There are 2 protein chains.
Amino acid sequence: MAGLTKKVTSADVARAAGVSKWTVIRAFDPAAPIAEMTRTKVLAAAAQLDYRPNLLARSLATQRTHLVAILVDDFENPYKLPTLAHLTAALQREGMLGILININDSFDHFAAITDARSRQVDAIVLFGTVFRPEIVARAGSTPCFVLARESTIPGVTSVYTDPVPAMRALGEHLHGRGVRRPAFLRGPRTQSTALGRCREFVSFWAEQGVQVPVINAGVYDRESAAEAVHRWLPTVPGVPGCDALACENDILALGALDALRYRLGLRVPQDIAVVGFDDIDLAAAPSFDLTTYRQPFRDMVEALVQMLTGKRPAETLRLTGDLVLRGSS
Amino acid sequence: MAGLTKKVTSADVARAAGVSKWTVIRAFDPAAPIAEMTRTKVLAAAAQLDYRPNLLARSLATQRTHLVAILVDDFENPYKLPTLAHLTAALQREGMLGILININDSFDHFAAITDARSRQVDAIVLFGTVFRPEIVARAGSTPCFVLARESTIPGVTSVYTDPVPAMRALGEHLHGRGVRRPAFLRGPRTQSTALGRCREFVSFWAEQGVQVPVINAGVYDRESAAEAVHRWLPTVPGVPGCDALACENDILALGALDALRYRLGLRVPQDIAVVGFDDIDLAAAPSFDLTTYRQPFRDMVEALVQMLTGKRPAETLRLTGDLVLRGSS
DNA sequence: ACAGCCTATGCTACCGGTTGCACAAGGATG
DNA sequence: CATCCTTGTGCAACCGGTAGCATAGGCTGT
């Protein structure tokens with residue numbers, strides 16, 4: 001019955017309770033000066049009519065929507081699902097909700113940011129997406145944050161895992177295991193520069209006097225990784241042509257692992273070691289048992305949400321994660 | 001500069017162009033009667049000031065937000081990420097955006113639906129979540145859809161994969177391979193009833209005169225599945241105690257597969273066959289090579305979005321998927 | 001020259017809240 | 001008993017659009 005009738009507004013409740021609509025509003029504001037008896041009367045009438053304040057109208061008046069745009073351009077990497085879970089949960093704890101925006105060929109950053117701003121979102125979160133400075137400029141006065149990626153743009157705060165200690169930890173681990181001819185497998189070139197993992201890994205080995213070949217998978221995708229490794233390894237002198245494969249993230253590593261074992265007939269870790277980055281759930285599966293570097297996703301999200309609620313100053317944060325040693329290395 | 005100044009409204013553009021704010025609005029409406037010269041002048045002024053209509057104000061006036069609430073309560077199952085990608089893309093093609101709402105212990109269906117309605121969303125999508133009739137009643141006049149789950153509630157439209165032909169196909173496949181003592185591994189009991197996979201699998205084998213034992217993993221989680229299988233199988237007479245394991249979804253199947261191979265030392269498929277449901281990306285990995293039943297996620301999403309835009313009558317749809325034969329059976 | 005019509009523009013009222021001010025009622029104070 | 005203060009309530013104005021009516025002014029037809 002209640003569902004079929006027109007929407008209930010504060011004026012309706014006011015009429016039912018015999019007060020003005022402003023008094024109704026006050027009844028819902030714990031800090032407002034209002035007689036206890038009146039409040040009780042109003043709340044009873046509101047409950048009776050199933051009144052809910054219209055947040056659209058409130059947002060228009062207060063200039064705050066408690067809405068955050070979350071821009072994602074790559075739904076291939078499994079770590080994004082649990083991280084989205086953390087992010088939405090953290091936002092909800094703060095009374096906010098996230099609008100999930102899919103950046104793709106027909107809806108680019110430009111369109112997404114324009115749309116988000118028209119909707120008056122309180123903030124924009126670029127979650128693991130590629131971006132260019134001029135794109136962020138479109139955000140105008142809307143605060144812009146980058147999650148899980150380095151931001152080289154001044155004024156754009158980012159929270160991500162510091163690649164320097166991470167790649168050093170992975171490098172030292174491999175070096176300690178006797179690795180001397182490692183290769184690096186990365187995804188799209190543009191994104192890689194924003195991650196710095198390749199750069200740091202290569203730089204670590206340069207210190208050891210080793211030049212690391214870099215393989216391009218082109219996309220962050222298990223199958224593409226498998227193909228890239230399958231094509232590349234046989235072209236390198238030696239059997240196998242390298243003794244370790246460091247991958248930009250776990251999903252590439254899983255593809256690589258499968259290609260090494262099932263297409264190239266190699267034993268991991270005996271013939272070649274494999275390490276990834278992220279520590280996604282499947283990395284722990286005995287079938288893969290992948291050595292990787294765990295990103296502190298939960299902490300990253302918590303820090304980001306504190307920044308966008310203003311509970312913490314907005315400044316770029318580089319967090320460190322943990323080396324997770326498993327059987328693949 | 002533009003970012004630091006106050007928000008630009010139609011009145012500002014009107015002032016700049018020397019017209020009234022209503023004329024500004026008309027300039028942006030292709031169907032409005034307006035002199036071409038005026039329109040040009042207004043659009044120029046708008047571009048100059050970087051004016052964007054405030055969709056909040058528009059929504060308040062038109063009573064349409066073009067916002068859809070997407071309720072998710074389980075972020076464990078990897079199929080949800082690509083499906084979210086499809087869903088957001090499809091919504092965006094229709095000029096809508098999705099608010100991703102995380103249902104959990106501190107923010108339940110009740111709170112989520114109340115909040116979503118206060119925000120005046122055009123529709124609510126329950127994406128693979130458990131729900132009770134009284135919860136949906138809270139949606140009031142806001143249309144409610146269930147994606148990837150059966151809805152037993154009258155008036156609530158759902159789009160899901162028909163478990164009848166699906167489990168029959170899996171059952172017949174296993175039967176044809178000589179399986180005679182299969183078991184079924186499922187997740188939480190409450191959700192299972194809304195999926196019907198267990199029911200239909202058991203019923204298929206009943207027709208063959210076989211009673212299927214049902215194992216509870218408790219949660220849709222790889223590790224829980226592995227533990228459940230590891231605990232259960234040794235308690236059953238015979239080595240192994242069953243000759244096939246059908247799992248409610250792929251993520252359970254991957255956990256089961258690992259437990260069988262690495263904890264119980266069994267060979268798959270020689271000693272025991274394993275089949276899943278969903279066809280997630282990792283099911284195709286050579287390490288698992290899992291036989292499964294592919295859900296037509298893309299079609300499901302497309303149909304759902306057409307329903308919520310009104311391009312198609314809202315009625316429960318049971319789609320069929322495809323049996324995907326691989327090496328695990 | 002004037003009715004009749006059409007086009008382009010302005011205006012009022014409204015969507016459902018918020019904000020700050022005005023003011024009435026009642027109690028404390030001198 | 002007048003004054004001051006406190007508390008509680010009503011109200012106008014506003015947030016930035018939309019919808020539909022009113023009307024000015026140009027053009028056509030007779």
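Proteins get letters first, then strands, A, B, ... in listed order; numbering begins at 1 in each. All figures in this text were calculated on a predicted structure; none of them were measured in a lab.
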Side chains of A:Q295 and A:T83: does their closest heavy-atom pair fall under 4.5 Å?
no
Closest heavy-atom contact between A:K21 and A:A14?
N-CB, 3.5 Å
Check whether any side-chain heavy atom of B:L67 lies under 4.5 Å from a side-chain heavy atom of A:R119, and answer yes or no.
yes
What nitrogen or oxygen pairs link the protein and nucleotides 11-15 of chain C at under 3.5 Å?
| residue | atom | partner | partner atom | Å |
| --- | --- | --- | --- | --- |
| C:dT12 | O4 | B:W22 | NE1 | 2.8 |

If only atom types and distance count, is the side chain of A:D122 paired as donor or acceptor with the main-chain N or O of A:V68 below 3.5 Å?
no
Residues of residues 27-40 of chain B with a heavy atom under 4.0 Å from any atom of DNA chain C, listed by number, are B:P33, B:I34, B:A35, B:T38
Tell me whether A:D115 contacts the main-chain N or O of A:A112 through its side chain, where contact means a donor paired with an acceptor under 3.5 Å.
no
When the ring planes of B:F297 and B:Y79 are compared, do they come out parallel, tilted or perpendicular, using 30° and 60° as the limits?
parallel
A quick test of your reading: do over 12 heavy atoms of other residues, nucleotides or ligands sit less than 6.0 Å from CZ of A:R52?
yes
How many whole angstroms separate atom CZ of A:R119 from atom P of D:dC15?
22 Å
Starting at CD1 of A:I25 and ending at P of C:dG20, how long is that distance when rounded to a whole Å?
15 Å
note: A:R64, atom CZ; C:dT19, atom C1'; distance rounded to Å ~ 17 Å
Would you check if A:K7 and B:Q63 make a side-chain contact, meaning some heavy-atom pair closer than 4.5 Å?
no
Could you tell me the separation between the CG atom of B:D12 and the C1' atom of D:dC14, rounded to a whole number of Å?
15 Å
Does A:L126 reach the side chain of A:C144, with side-chain heavy atoms less than 4.5 Å apart?
yes
Please tell me if the side chains of A:L147 and A:L87 come closer than 4.5 Å, counting only heavy atoms from C-beta onward.
yes
In degrees rounded to 10°, what angle is found between the helical axes fit to the five outermost pairs at each end of the helix from C:dA1-D:dT30 to C:dG30-D:dC1?
50°
C:dG17 OP1/OP2 closer than 4.0 Å to side-chain N/O of A:S10
yes
May I have the distance from A:L56 (atom CG) to D:dC14 (atom C1'), rounded to whole angstrom?
16 Å
Would you say that B:I113 contacts B:I135 through its side chain, given a criterion of any heavy-atom pair below 4.5 Å between the two side chains?
yes
